[in-house]
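What follows is one structure encoded as C-alpha cells, with my remarks underneath.
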2 protein chains.
Amino acid sequence: MNNETNSANPPRILVVDDEAAIRRFLQTVLSSGDFCVQQAENGHLALAAAAAFRPDLILLDLGLPDMDGVEVIKRLREWSKVPIIVLSVREREDDKVKALDAGADDYLTKPFGIGELLARIRVALRRAVQQAPAPIYKIDDLEVDLVHRRIVAGGREVQLTPTEYDLLRLLVTHAGKVLTHRQILRQIWGAGYVEQPHVLRVNISNLRHKIEKDSSRPRYILTEAGVGYRLKADF
Amino acid sequence: MNNETNSANPPRILVVDDEAAIRRFLQTVLSSGDFCVQQAENGHLALAAAAAFRPDLILLDLGLPDMDGVEVIKRLREWSKVPIIVLSVREREDDKVKALDAGADDYLTKPFGIGELLARIRVALRRAVQQAPAPIYKIDDLEVDLVHRRIVAGGREVQLTPTEYDLLRLLVTHAGKVLTHRQILRQIWGAGYVEQPHVLRVNISNLRHKIEKDSSRPRYILTEAGVGYRLKADF
DNA sequence: TGGTATCTTGATATATTCTTGATGACTTTA
DNA sequence: TAAAGTCATCAAGAATATATCAAGATACCA
C-alpha cells in the first residue's frame, strides 16, 4: 500500500450541500479562514470529488437529492479515513447516531456558529495530520482500486461478485495482518456465521481463481492454517 | 485446547463532574454499555485519576469547583492524548471554542441524549484504536507482532502452527519470567495436560527449529532444567 | 415470467497439524 | 560407574483443517 501524504498547505475542504446559498456561504467563511474549498452538490459528485480532489476534510449535509447522506459516509469509509463533519438541519438523535456510527467524526446541527464550526474543523484536522493512505492497493500483479471498485490482476480487469469484493476489500484494508476466520465471517456474513468457515473457504477459493495466477499456489491471499487468511503486504 | 483469540477488555472511561447525581447517572448508563467507569469530582482528582487509572476516554464537565475545565484539558494534553469529550451546561460558543482548541475532542451541551453520547464515545474510541501503533516485541533478531500475528526471525518471516503461536505468545507476554511446565500446559492445553510435559517439549523443539539460528544452542527460548522455560528479555 | 448471476450447501480429495512412542544425549545422584 | 530422571529430536499414524467441484436454492433483473 503506497502511503502518499497530501497535506500541502492550506488544508483542502470539500463542501457537500445541495443548496447553493449554503455552499457560497461556507466558501466565503472557509476561504477567509485560509482553507482551499471545493464544492459538490450531490452524493455522487461528492464521492467523485473526494477521490479526485483528495480533501483533508469533508463537510457533509445529510439531505442530498440523489442519495442518503449516511450512504455517502459508508461509501467513503470503504476506502478513506478523511475526517467527515456532518452539517444537518435534522435535529433527530437517531440521525446523529446513524451518521456517527457510519463513520462520521462530528455532527453539527444548523444553525451553528461560525466560531464553533471552525473550532470543530481545527479539531478534526489536528487529529488527521498524520495519515492518508492511497485508496489503490497495488502489489506485484494485483491492483485494487477501492474508489472505483475496480480489480486488475495479471493485466486484465476481473469481475467480482459482491461477496467476493467485500471479502477482498476487508483483506486489502488489513493488508499484512492475519484475519481470523471468525473476524472475517462476522464482518462479511454477520455474527451468526462465525461457526461456519465453509462459506468463507468457498469464497476464498473462488476469489483465488479470479486473481491468482496459480490458485493452488497463492501469492496474494495466504492461508494461515488453523487461524485464517492474510493478504500479502509489501513490506 | 483453548484456542480463543484475545478479546479486548472493556474500555475504561473516567467521568469528571462535581455533581454526584450526574456521576451516578453516567456510571449507570456507561456500565450497562460495557464500559469500566471511574469517577472524579474535581480537577485535581481528575488529573490524578487520569495518570493512575489510564482511562481510554475522559468525560469532562467544565464547571468544576477547584479549577477551570479548560485548564484541566491543557494540563492533560501536556502528557496524554486520551480522547476528551466535554459535557457542559454552558451554551456559550466561546466556551466550546476554548475547550476544543485546548485539546478537547468533542463537546456536548447538557441535556444530551444517551444515544448520542454513546455514539460520540464510540467515535472517539474508534479513532483512538486506529491511531494506537501495534506493539512489537523485539529481542535481538526476533520480532513478534501480536496484532498482525507476524513473526520475523533472522530477517525472514516464519510460519507457526496455532499451537506454536499460542506457546510463543505466552512466552512473549511473560518475557524474562520463568514459566513452569505446569503453568504452560494448563494455559495452552488445559488442566488435563499438566502431567504430560512431553507435548510441551515437542512443541518447544519445533518452535526452536523455526525461530532459533541453532536450535541445539537456543538464544531465545531458554530451558530452566527441572522447572520450565523462559524467553530471553532484552534487559 | 424466464433467464442470469450469485449464494449456499454437500461431497470428497488433499494438506496440515497434533499426538504419541521410540530413541539417545545429558545431568544428577547413589 | 550405574541408575534414574530430564530433556531434545525424529517420525508415523490419527485427527483436524483446507481446497475444490458441483448441484440445488435463492435473489435479481429485464
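So that the names make sense, note that chain A is the first sequence line, chain B the second, and so on, each numbered from 1.
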- Message: What I'd like to find out is whether the side chain of B:R122 reaches to under 4.5 Å of the side chain of A:V97, using heavy atoms alone.
- Response: yes
- State, with a plain yes or no, whether a side-chain heavy atom of A:L62 is found less than 4.5 Å away from one of A:Y107. yes
[atom1] of [X] versus [atom2] of [N]: gap in Å, rounded?
X	N	atom1	atom2	result
A:I221	D:dT20	CD1	C1'	15 Å
B:N206	C:dC18	CG	P	9 Å
A:K210	C:dC7	NZ	C1'	12 Å
B:E212	D:dA8	CD	P	11 Å
B:L200	C:dT19	CG	P	12 Å
A:R217	C:dT16	CZ	P	11 Å
B:L185	C:dT19	CG	C1'	14 Å
A:Q196	C:dC7	CD	C1'	13 Å

The side chain of [X] lies closest to which of these nucleotides: [options]?
X	options	answer
A:H209	D:dT20, C:dT6, D:dA19	D:dT20
A:P162	C:dC7, C:dT8, C:dC18	C:dC7
A:T161	D:dA19, C:dC18, C:dC7	C:dC7
A:S205	C:dC7, D:dT20, D:dC7	D:dT20
A:A225	C:dC18, C:dT20, C:dT16	C:dT16
B:V202	C:dT8, C:dT19, C:dC18	C:dT19
B:R201	D:dT6, D:dT20, C:dT6	D:dT6

- Item | Side-chain (B:R208) to main-chain (B:I221) donor-acceptor, under 3.5 angstrom | yes
- Item | Sidechain-backbone polar pair: A:E71 side chain, A:D68 backbone, donor-acceptor under 3.5 Å | no
- Looking at A:I151, A:V144, A:I136, which hits side chain to side chain contact (heavy atoms under 4.5 Å, CB included) with A:V172? A:V144
Below 4.0 angstrom, N of the basic side chain to O of the carboxylate: do [X] and [Y] qualify?
X	Y	result
A:R77	A:D105	yes
A:K98	A:D95	no
B:D106	A:R120	yes

- Here the side-chain hydrogen bond (donor to acceptor under 3.5 Å, both in side chains) pairs for residues 187-198 of chain A, sequence neighbours left out, are A:R182-A:E195
Indicate whether OP1 or OP2 belonging to [N] is found under 4.0 Å from a side-chain N or O atom of [X].
X	N	result
A:W189	C:dC7	no
B:S215	D:dA8	no
B:Y229	D:dT6	no
B:T163	C:dC18	yes

- Query: Listed in order of residue number, which residues of residues 164-171 of chain A have a non-hydrogen atom at under 4.0 Å from DNA chain D?
  - Reply: none
Short N/O separations, protein against nucleotides 23-30 of chain C, under 3.5 angstrom:
none

- Task: Verify the neighbour count for atom NZ of B:K210: are there more than 12 heavy atoms of other residues, nucleotides or ligands below 6.0 Å?
- Result: yes
